[in-house]
Structure formats: structure tokens, C-alpha cells
Q: 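Dumping the structure here so I can ask a few things about it.
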Amino acid sequence: MGKGFGQPKVVPTRNATQFMRAFGKCYAKAKGDKRQVEQFLQANLAKLDEHLLDALSYIFPKLLADQKFGDKQNVATLFLVFGNTVGDFPLGDRALNLELSIAAYQVALKVYPRDMFPQEWALLQNNLGNAYVDRIRGDRAESLEQAIAAYELSLQVYTRDTFPEEWAMSQNNLGNVYSNRIRGDRAENLEQAITACELSLQVRTRDTSPEEWAMSQNNLGNAYSNRIRGDRAENLDQAIMAYELSLQIYTSDTFPEEWARSQNNLSDAYCNRIRGDRAENIERAIVASELSLQIYTRDTLPEYWARSQNNLGNAYQARIRGDKAENLEKAIAAYDLSLQVYTRAAFPEDWARSQTNLSAAYGNRIRGERAENLEQALAAYELSLQVHTREAFPEAWARAENNLGTAYSNRIRGDRAQNLEQAITAYELSLQVCTRNAFPESWARSKHNLASAYCDRILGEQSDNLRTAVDLYQEAAQVFTQEAFPLSWAENQGCLAEALINQASLTDNSDDLDTAITLLKEALEVAVPGSPGFIDSQYRLGNALSRRFELNQNANDLQDALKAYKTALDAISPEHYDREKIWQALPTTQSVLGSRLVREGQWQEGLQLLLNSVRLLSEGDDQLAHANALYQTGRAHETLSDWDNARLYYRDALRLYEHLNDQPGIAQSRHGLGSVLASQGYFKKGMAELQQARDLYQQLDRQNRVREVDNLYQAAQRAEQQLSEVPA
Amino acid sequence: MTAADDIFDQSTSNVQGLGLCEIPFTESPPDLESETLQYIFTGREAELRRVFNLFQSRERRRVLVYGRIGIGKSAFLREVLSVLRRKRPQMPTAYISLPADLDLATTALIAVAREMADDEWAQRQLYQMGIPTAKILKERSAEAGGNLVISGKVTEKDLPITKPLYPTVSLDTLLERAQEKYPQGVVIAIDDLDKRNPSAVRQMMHDAQGMLKGRAWFILTGHPMGITGDLLTSERGLFDLQLKLEELDQPTTYKMLINYLNSARINKGSTDPDDPRSVLPFTPEAAKHFCEVSLGKPRLFNRLGNTVLDTAANMQATLIDSEVLAQGLKAAAPELRERAALSVQEERVRAFLEQRGPISDETITYEDLEQLGLRSFSEILPFLERLEAADLAHQLDQDDSKAFAPIALPPALE
Ligand SMILES: Nc1ncnc2c1ncn2[C@@H]1O[C@H](COP(=O)(O)OP(=O)(O)OP(=O)(O)O)[C@@H](O)[C@H]1O
Ligand SMILES: [Mg+2]
């Protein structure tokens, strides 16, 4: 038989008893000076260990027996104080500290029965609730339930009439925990949170208890900023208003920390704000984060400092003004800083969140090698998923799965078809938690992303994939309405339009094109000119219109398509070149638009576009598109009577067409080359090219072309004869 | 005396052994202020005549000087300006190399303002652009005794230039003020148009149409491919004279060699090409051969001259005969390559050219291009031009194709 098997566990308590005795002495001596007590803990850091935790619930009788600390209630108070101190203690193992704090409160609660010590009991419940909110070990959803239970118990004693202040405090705390609750209906939880905060504000007024009033305002702001019901734009503005109210009391001089916290929250709300000018809102977010960082330093308030760095990172990531590449570098730097404090062991949740944000920034990063950045993003998501498990942090887990999906969709390394399947799986996982009712926004986002993955999907039937994508986009559109989520709405419209355009090219169905054009025009009405979304929409509109032109030959469509392309190109700056879709679209757009413009007399701009497209296509895989662009560039130069360059590009086009064995291409480049050579006075050479072009056109049965070449040929012939008749 | 001092003296005496006080060859032309240009500038009579003919008119004119890299555009431009300075002291001339990121009007504004040292408004314009040269300008203009010609480059990297809000209007105002003072007009010479990317220049020229047709004389330079090639056809009528500088012929090159050597000779001697002593320390035979190898290209001529004299001095030769010349030219090939500091792709193209001999857009094949990792001749063109600029390749005179050949170094001796 193994030793100790089946026997009650014997816990050694000597060290723990000694420790608590020493703590008690120190507490008595400190006479309420919190700093001295903290210093004691700091000096005895090594003693805050698992043994202490195991022993805590057994040593009460021993301390009582000492008779040094007074009666039962006095000893219980010692546990209460210990619980408070260790729970807030910034050093050591935070997870363990919180367990110690919870254990200490539970000991004290046994000594303070509710009927005899209602007030103490209620206070302990409240504090226990606080510790559960912060708890790291154990099941998080469960801990939050415990916290709610504890607060609600405390509210049974703290009634509004008898203990208005305490009642307000617990309401405030309850509001806070409902904001974060995992179980239950999330929308409902947030309503509860708002109610609780608002209740606490009935007692806490600005005049009577300004500080508490400000705190509840801050929590109310938090609840509004996550609220699901009601009008989202309105909710966010409510949140901003609440934070700003709290900042009327919290000034950087009087309550630096609280001031900094509200600034930080304000930053977050401005980042998400719907009303007002978005670029401006983000600038405000940046300012607010930076203000909070004036107070939070890494040394004094590492945790808050880290959170502000994280928010600053978010704001930079979303920033519209300034250089995009630079902003993303700043975001990455801020997340990296926050991760110096948010270690996995001490702040698993925050660590995971910053990892998630960091990966998003890597996913969008412009500098550095893109393939490498995306691997970094994937790695960071996988890390965050180790903490954000489905059970403990369903929402964060779902968000990380969603982002993982995005990283896989963009991934450059690995097999593309497989990566897209991975993405689809990840999005579908995230949708298992993000239901439409609980997390409408995340639900819509994942639906949208899933749709995009289906659009790109390589496996499966293309028409099926597109149909699925269209359905999914339409689902997302139910939440992404123009009023509540203007940006996402526009993006979703654009993608839906794109899917419809692709569908139309499979079916030649002009209804889909009509719908796409309508969607894009709607999106453009509200898009910020020059923003990536604006560029995407213009470009897509150009595509849709030129497709429709190909179907119905309506000159207006072509005119409008050119206008849309032109607007898109004008707005593209090199920093957008890495945006994959635009990058692919760019060269072809440029050569189509460029050659049109040259023919219409806007040759400067046209030529520039053509040369750009040639440069971009020379790096790509589409050789035929490259040859076409070279040919168009030759033509443009010919139009400009720049014979040398025309010849050069025609010859380049010819060589490539010949390599590709593209007969119409060969014919047209020889045609152009012959015409240029003849214009330059090289009649013999020119006529030889024209002859070959003519034969090819004949074979291809392009009679118009044959006639054109014949005319040119004859003109060259006449010119040559005249020349030879002139005496030298 | 240290060992280093000894070495220095040795070097000096080696050059002196060749009868020269210094090696006269340089990459770029001498500054406008120096008199050297006067002694070395050779040939281009026909081109000078065409420019100066224009200056006999009251009408302000626009001249474009174009030609390949290193053909002598800057030297020609400076020669024109220094003649004008002597012959038309009442007509201030401003020389400026086109700075990065500036439009033509601002560039011209800077050039003219720098010259109008005693015009307060002009100086304020400069000051606002962060070019506080007024004081220096004043001193200089005092030194120059009323001659207001100032030259200089503003291309220094860190110069913080804040462009005027309405450069064309500012320039116009400035020219109006200049007009009162200098009724014969102002000459604005803008060099190195091609040092900017072609599309920028194209746009710039287009935007500057109005300004160019205004109150000043303009002389611009650039090289033909890409920019001026386009300008010639696109901005038709913008220039009153488009002057192409070509390679110098052999007799002129020979004369140029005489002029360079004479400008540095310790005891001035004969400059008569028929006198064999005029090319000393070269023997006439070696001199002739040297000129052939330089292909009539002034920069190549200067670069090779530099290496040949250097080699001869190191050999402590006192005479450069065919033997010594061969040594010098042998040293030139690696030196040109080293100086060029080619990128990997440029080196690839160079090696290809050397191995293949002349290539052109007409004869090159898809397989050739593939070997270079490219698909079109237009993509190699910039590399070839870079090689041309480094004197590692040269363009052949063929009108129906673009053809480049390697520069043959060291040459086979006759
Ligand atoms: N006609 C000439 N007589 C004597 N030396 C000349 C002549 N032309 C050019 N050079 C010399 O040749 C060298 C190269 O000339 P320059 O710098 O003027 O060429 P460039 O055409 O302006 O070159 P880039 O295209 O690089 O601007 C300089 O040292 C210059 O002094
Ligand atoms: Mg020059």
C-alpha cells in the first residue's frame, strides 16, 4: 500500500502560521500604513507560495490560540487585511496572490456569519467578488459567476436605503463584471451592466461623491462601448460622454491614475467611434493613449502602462492619417512594449490579447518581407490560442480563430489551396461561438471573411464557391448596416459586388453586374476619397462597367469605367502596392486605361500608366498580358511620333508574342513595326515586316487589317520609288 | 620627413618626369569661376555658332542641349555661359544643376535669386527657402567687381528647401525686377534634367511651358533617351533650338589632347598638331591611338587619360609610347569596372555584352533575354545606359535599331 493513500491529507502548517504571525505583527505596528504592510510582503516574497495557500484555511485556530491578535473577529480581520493586501500586491506570482486573497476572504467569511455581522460579511463578499473578477486560475467563466454571486450576496445587505454608498459600490462592481460575463446572453449581460452602473450613479452624484461618481461613469462607459442592443453609433457616443464626464473629476493632478485609465478607455472608444470624422477620431484616440502614458510608466504602473501601449498600438493600427507603413511599425513597437509587461505567466489574458493584436499588425505590415510577416502573425495567433481557449475565453478564442483564418487566407508560404481550407475551418470554428445574437459584430465579420475565403477557394467547383460567398456576404450585410457599421458595410458591399462580378463572368448574366454596380455606387457615396476602400470600390466599379460594356457595347459604360479606373489610380500611392488585389489589378488597369488615354490625346498620363504597367507585368507570370502591354506602349509611342521608342517596344512585343506563339499578337506587332520603320525612311525593312503582317492577317481572316496593311505597304512603296528617283 | 612625405614627393616628381605639373584630366568640367575651361575646351564650333546666333536677337529664346552621358553637355553649357559673361556683362547668367524634388520654376527662381545679391526681395525668397546665401552673395558680388555671375549647385543632400507657394508667379515677379535692372534679360541655365526620373521631367516640362515662354533665356540640358527623346516630339515648338552633341571627330579629339596636356605642361610648348612635341609626353603615334580608343567621347577620354598618365607616372616613364600606353589601357578596364560599382544585374548585362559582342533590340533573342532573367529589351536598356555612363559600353550609330557594344579595352596594338 502506498503511503498516505486513502488517508486524509496532512498539510504542514508551521511555516504558514509563523508567516501569518509576522504579518499580524507588522499590521499592528503599521497602524493602517498600507506601504509598510506591502514592504513586509515584499521582504517575504518567497513565503507567498503554494504551501501557504494550502495551509491558509487550517491555521486560523492556531492564530486564535496565540491570543496575540485578540478575539475571533480580530483574527478574521487579519485575514481580511491579508486578502486585500495580497490581492493588490504587484510583485510575485499574480495568479497565486489572487488565490491567496480568495482563500483568506473565505476563511474570514466563516468567522463573520451574515446574521451577526452583516456589514463585514457584505464587505467580504464584495471583496471576494473583486478577487474572482481578477482570478487567473480556474475556469474563467465560473470565476465570473462566482463574482456575480458574491456581489449579489453583498447587495442583499447593502440596500439602497440602509447603506446607499456601499450599495452603489457593489452595483458598480456588479456592472463591471456583467460587462465581462461569459455565460448567459451577452446582450442581456451588457444591459445588466448598464443598469447596474446607472443605479450606482443614482446615489453617487458629482457633488456628493465625485470620485465614486467618476468611477461609475467610467464603468458605464465600458458597458456602453460594448453594448449590443440599441444603436451602436449612439452607444459609442454614450461611452465617450461617460468617459469624458469621468474626466471632469479625474484630472492628471488630482487622480492621475484614474485620469490615465479613463483616457485610455476614451482612446479605445474613439478608435471604434462611428459618428464624426474617422480620421479625426483616431487622432483623438492616439492623443488619449499618449496622455495616459504620461502617467503610466513601466516602472510605476506596469500593468496599466502595458494596456495603454496596447491601445496605442490599436490606434496606430487603425490610423488613417500619416504614413501607413510607419503607423504599422509604431503599432508593432507599442504591442512589443506591452508584451514586456504582459507576460504569459502573470497576465495570460492580456498577453494573449496583445499577441492577437500584434499578429494582426504583422498581418498588415508593409515593411519587411511579407511572407515572413505573415508567418509571424500565424505564430502569434497560435500562441494566443494557447491561453484563449474556447472554454475560458470563448469570445477571445473566437476572435483569434477568426484572425487565424485571415492569416491563413493571406499566407504566402505553404500550399495555397490548403491554406484556404485552413482559413475556412478557422472561420467556421469562430462562428460556433460568435453567434449572431451574442456577438453580432464578430459574427458578421467572420461570415464576411468566410465569404472572402470562398471567393478565393481553389478546391471545389468555382460556381458553387461563388454562390456560397454571395450568400455569406448577404448574411453579413444583415448586421453590417450602413448606420451601425459604415466601414464594414462598405467593405462588405464591395466584396459582394466583386463576387457578383466574378459570377457574371462565368454566366454572362448582366443582372449580377447591374446589382454589383448599384452596390458599388452606394458604397462610393459614403467612402472617404483616397481611402483603401474607396480605391477598391472605384477599381471594382471600373471592372463591372467595362464588363458590362463588353456585353452591351454601351459607350457610356466605357466612359464611366475609364473615369472609375482613373479615380482609383489617382488615389493609389505606392504604399498601397502591397495590397494584393490592387497590385494584381494595377498593371492591367494601367495598360487598358493608358492606351485609351493616349489614343484620346492624353498621352502624357497614358504613357506613364503604360510604362508602369509594363514594369509591373515584367515581374509577374502573365506573359501574354506583358506582351500586350509592350505592344500598347509601342502604339502609344507611335501615336506620339516617338519612332525610336515605338520600334523598341514593338520589337519587344513581337519577340514575346513569338515566344508565346500568339499569332494575332505577332501580326499586330509586325504591322506596327513595319509602319514605324517606313515612317523613319527604312522602306525596305518596313515593307518586309508589313508583308509578313499581311500574310498572317490573311490566315487569321482579318480582312480589315489586310486592307490597312495593303494601304501602308503601297504608300511605303511609292515613297521608296520617289526617293530612288531623286538624283543623289 | 616621414616615409609618407617621401612617397608624396616621389609621386610629384613622377608626374613632373612627364613634363606636367599635374594630371589635367577630370570627370566633370571645371567650375565657371575657374579659367581652366578656356584652355581645355575644344571643338563644338558649329554648335557654339548656332547658340550665339540666337543671342543676336532681342527675343528671349529657349535652347535644349542634349546628347549622351559624358558627351560634354555640362562643359558646353559652361563654355557658353563663360563666353556670355565676357561678352555680355550686362546680361546676368545663372547656372544651376536641377535639384531633386524641385520643379523648374523654383529651380530657376533659386538660380536667379542667388545672382541678384542686392535685390532684397530676391534674397528674402532665398531666405524663406532656407538658402541663406545673401551675405555670401554680396561678398562675392563685391569681389567679382560688379559682375553678378554666380554659379553653384544646390544639390547638397540636406538642404531644406521649402518650395514657394506659387513658384511660377514668384519667378515671374523676380524676372520682372531683373528686367528693370538688366534690360537685355537674364540667362537661366539648368543642367542635368536627366538626373531625375523621366516621368517627373516630362511632367515638369509640361507644367513649365508657360514659364519657359516667359521673360528669360533658358538653356537646358539632358540626355536623349527617355526624357528628351520624348520632349523633342511631345513638346514641339517649346524650344527654339535643339542642339544635339555628338562624339568629337578624331582630329578634334587630338586637338583636345593637346589642349589638356598644354594646360598642365610645366614649360608651355607648341600647340600645333603637326608638331610632334605638341602631344608630349605622348609620342604622336600613341596620342593618335589614345584618341581612337576614346571614341571621341570626352568623359571616356578624360577617364582613360587619367589612368594612362597615372600608370606612366608610376612606371616613372618620361615618354608615353605605344608600349607605355598599352600598359595604361590595360589598367583602365579593371579601373572603370571598379569605379562603376555595378549591381549584380548590371554586371550580368556587362558580362553578357562582353561575351556576345554588339547587341541590339533587333537581333537579341528571347533566349538571350531569358539568360539575363528578363523578357524584353526595354528592360535591359537602363542597364546598358548605366554601363554607357560608366564607359563600359557604348551605343553604336545605327538609326534603325538600338545597338550597344562593349568598349574594347585593352585595344589590340597595331
Ligand atoms: N568640348 C570639350 N572640350 C574639352 N573637354 C570637354 C569637352 N566636352 C567635355 N569635356 C570634358 O569631358 C568631361 C565630361 O563632360 P561633361 O561633364 O560636360 O559631360 P556631360 O554630357 O555633362 O555628362 P553628364 O551626362 O554626366 O552630365 C568633363 O571633364 C569635361 O570637362
Ligand atoms: Mg553634365
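Every chain is numbered from 1 and lettered A, B, ... according to where its sequence line falls, protein lines coming before strand lines. In this text, all values refer to a predicted model and were calculated from it rather than measured experimentally.
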Q: Pick one of side chain, backbone, both or neither for B:T365, based on which atoms fall under 4.5 Å of a heavy atom in chain A.
A: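 Backbone only.
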
Q: How many angstroms lie between atom CZ of B:F377 and atom CZ of A:R647, to the nearest 0.5 angstrom?
A: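 Rounded to the nearest 0.5 Å, the CZ-CZ separation comes to 10.5 Å.
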
Q: Using heavy-atom distances under 4.5 Å, tell me whether B:L374 contacts chain A through its side chain, its backbone, both, or neither.
A: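 It is neither, since no heavy atom gets under 4.5 Å.
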
Q: Is there any residue in residues 678-692 of chain A with a non-hydrogen atom under 4.5 Å from a non-hydrogen atom of chain B, and which ones are they?
A: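 Hits under 4.5 Å: A:Q680, A:Y682, A:K685.
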
Q: Hey, can you pull the donor-acceptor pairs under 3.5 Å for the side chains in residues 708-717 of chain A, sequence neighbours left out?
A:
unit_1 : atom_1 : unit_2 : atom_2 : d
A:D710 : OD1    : A:R694 : NE     : 2.5
A:D710 : OD2    : A:R694 : NE     : 3.3
A:D710 : OD2    : A:R694 : NH2    : 3.3

Q: Scan residues 366-383 of chain B for pairs that pass salt bridge (Lys or Arg N to Asp or Glu O under 4.0 Å), counting only residues two or more places apart or in two chains.
A: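 Residue pairs with at least one partner in residues 366-383 of chain B: B:R356-B:D368.
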
Q: Taking non-hydrogen atoms and a cut-off under 4.5 angstrom, which of residues 649-665 of chain A neighbour chain B?
A: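 Heavy-atom contacts from residues 649-665 of chain A to chain B are A:Y649, A:R651, A:D652, A:R655, A:L656, A:H659.
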
